[in-house]
Amino acid sequence: MTDTSASATQASSHSYRKVAIAACFGTFLEWYDFLTFATLAVVFGPLFFPSSDPGTGLLASLATFGVGMVVRPIGAAIFGSIGDRIGRRPVFMITITLMGIATVCVGFLPTYAQVGIWAPILLVSLRLLQGLSAGGEIGGSAVYLTEHAGDTIRGFKTSFLQLMGPLGILVSTLQIALLQSYLTPDEFLSWGWRVPFWVSLILLLLAFKARMALEETPIYLQLSKTETQSKTPLRDNFKDPETRKRMFLLFFCISAGGAVLFFCVQVYTSIFLKTSVKLPPQLVDQLCIYATIALLPLTIFAGWLSDKIGRKPVVVSGLILGAILILPAFYLLQTLGQEVMQVGRSPLIIITLILMGLSTILALVVGPQTALLAELFPAKTRNSAATLPHNLAAGWIGGLLPLIITWLNQKWASDIAGLWYPTIFLASGAVVAFIYLPETRKMNLNN
């Protein structure tokens, strides 16, 4: 009996690893494709939005990045409902294909100098397709993986999915750093920037093959067997008061808080150090790589910690620390960056430690996030209930963050004034989460 039980446990563990690897690799591709655009925002300005004012070109490039984020909730509404009606697995096949094709096409786009106004129009169109795909993938993948994870150490087991965003931007940043080191500036602007988008074709084929082997979640199979799937999941979600309340908490506290921190720490720091502090791009990429590498074990630790002490205290701690430390951290980055430019490389270790400290704060919010997305909602409407508020927060709050911060900085003629926006948002989210967010780590996902 014991041998049988051990064999079943081992088979279950092997099955979960297989599912986790396939799901995570696909999500990695989604993030790699989506965030390569952010990494190249400074490059896209002069190529697709030429202007006599570099700040205007950067704003236009960031706005295009934001467009992809804004349409994510539409993709979430469409694909989230499909996932509740016909299954989680079919959605994955659609979203991965849509994202891969759109990204590869970006690598073949003509620039403004070649086709004029059509260049930014085509770029924005492909960015919209990327946003729709990301809306269906990011959030839905959290539900899929959590439903496969079982009832024990869900926070730890599902936290690995949160590594895909940092890994996506890490691989993208490494590629671009290597290209910039081996190519001349003219060569990089001419064709080197296209290489990361071409590489995504190989990744797409690998991810598609991996996802072909994915199985439907046992929870959804049980819903299908008993014919208890929701025919109108979005409508059912908004009609139920408790689901509405939890969708708001997911939107305002967990997903928006995580998105604000993610784009402050993983996206805006790079833009800030390159444009405001004016550190060399290669140096900035190197510093960001160190911070991202530190984020990986910290995220897994936060997921494990949420299994021990609860999801709520871990997430609320991250929100509070973010609200307190974001402004001082960027002020120090600005001051130390200016010292680097004047006296050399001596403060670089301190800059690296600051970036790693910001990564720690981010990890506290996103580590438990995958499990929380699924645990907050009932099984029959879980996919749509989780994906819509999550992508609404990531798209409208997080995705527009670099644009809003840059615009506020320009309006107030300051390099850090715009950071009051994420500070206030994180503080508000911390208060609401502390009062209203339920503890979910012992939730039965079959209900």
Side-chain angles (χ1 to χ4, degrees), residues 12-13 16 19-20 23 80 83-84 87-88 138-162 216-226 228-230 233 236-258 299-319 364-390 393 429 432-447:
S12 175
S13 176
Y16 179 75
V19 166
D84 280 329
R88 323 306 195 204
I138 301 166
S141 56
V143 170
Y144 180 84
L145 196 59
T146 306
E147 287 187 345
H148 272 290
D151 295 328
T152 59
I153 58 169
R154 275 199 300 253
F156 170 75
K157 290 165 73 174
T158 60
S159 64
F160 287 87
L161 187 69
Q162 294 294 337
E216 189 55 80
T217 72
I219 291 173
Y220 186 82
L221 289 175
Q222 182 62 32
L223 290 174
S224 301
K225 191 179 296 184
T226 57
T228 52
Q229 309 105 304
S230 172
D236 292 346
N237 288 330
F238 285 109
K239 283 171 64 177
D240 180 60
E242 182 62 22
T243 301
R244 282 202 312 268
K245 172 188 171 183
R246 293 191 172 204
M247 287 174 73
F248 172 77
L249 290 171
L250 174 60
F251 165 79
F252 189 71
C253 304
I254 304 162
S255 298
T299 300
I300 296 171
F301 172 76
W304 171 85
L305 186 63
S306 75
D307 287 325
K308 299 299 180 183
I309 67 173
R311 319 282 189 232
K312 181 174 179 175
V314 176
V315 170
V316 171
S317 297
L319 294 173
L364 291 172
V365 177
V366 301
Q369 192 180 82
T370 302
L372 259 170
L373 256 67
E375 291 168 347
L376 281 170
F377 304 106
K380 66 178 182 178
T381 58
R382 179 174 291 141
N383 209 58
S384 53
T387 55
L388 181 58
H390 181 67
V432 173
F434 181 78
I435 298 172
Y436 296 108
L437 185 67
E439 181 54 62
T440 62
R441 67 180 164 131
K442 296 182 179 179
M443 184 71 61
N444 183 351
L445 293 180
N446 291 290
N447 297 330

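Below, each value reflects all heavy atoms present in this structure, side chains not excepted, and no hydrogens, waters or symmetry copies. Please read these numbers as outputs of a predicted model, since none were measured by experiment.
Note that the CG atom of Leu376 and the CD1 atom of Ile254 stand 5.0 Å from one another [nearest 0.5 Å]. Between Ile153 atom CD1 and Thr158 atom OG1 the span is 10.0 Å, to the nearest 0.5 Å. Atom-to-atom distance recorded for Leu249:CG and Leu372:CG is 10.5 Å, nearest 0.5 angstrom. Expressed to the nearest 0.5 Å, how far OG1 of Thr299 lies from CZ of Phe156 amounts to 12.5 Å. Rounded to the nearest 0.5 Å, atoms CG (Asp236) and OG1 (Thr381) are 6.5 Å apart.
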If you apply the rule side-chain contact (heavy atoms from CB on, under 4.5 Å), what do you find for Phe301 with Leu305, and how did you get there?
CA-CA 6 Å; Phe301 172 76; Leu305 186 63; 4.2 Å; yes
For a side-chain contact (heavy atoms from CB on, under 4.5 Å) check, start with the C-alpha distance between His148 and Lys157, then their side-chain angles and the critical distance, and finish with the verdict.
CA-CA 10 Å; His148 272 290; Lys157 290 165 73 174; over 6 Å; no
Can Phe377 and Leu250 be said to form a side-chain contact (heavy atoms from CB on, under 4.5 Å), step by step?
CA-CA 10 Å; Phe377 304 106; Leu250 174 60; 3.6 Å; yes
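Residues Ala142 and Thr146 approach most closely at O-OG1, 2.7 Å, considering heavy atoms. The shortest non-hydrogen separation linking Leu445 to Arg382 is O-NH2, 2.8 Å. Taking all atoms of both residues into account, the shortest heavy-atom contact from Ala433 to Cys253 is N-SG, 3.6 Å. The two residues Ala385 and Asn237 have their closest heavy-atom pair at N-ND2, 3.4 Å.
Using modelled atom types, one side-chain atom of Arg441 and one backbone atom of Asp307 make a donor-acceptor pair closer than 3.5 Å. Counting only distance, with no hydrogens or angles, the side chain of Ser255 and the backbone of Phe251 share no donor-acceptor pair below 3.5 Å. For Glu439 (side chain) and Lys312 (main-chain N/O), a donor-acceptor pair under 3.5 Å exists by modelled atom type.
Glu242 pairs by the side-chain contact (heavy atoms from CB on, under 4.5 Å) definition with Asp240, Lys245, Arg246, not counting sequence neighbours. In this view, Arg154 and Asp151, Glu375 satisfy the side-chain hydrogen bond (donor to acceptor under 3.5 Å, both in side chains) rule, not counting sequence neighbours.
Counting heavy atoms of neighbouring residues, nucleotides and ligands inside a 6.0 Å radius, atom CZ of Phe434 does not exceed 12 of them.
The aromatic rings of Phe248 and Phe252 lie parallel to each other, their planes meeting at an angle below 30°, with 60° marking the opposite boundary.
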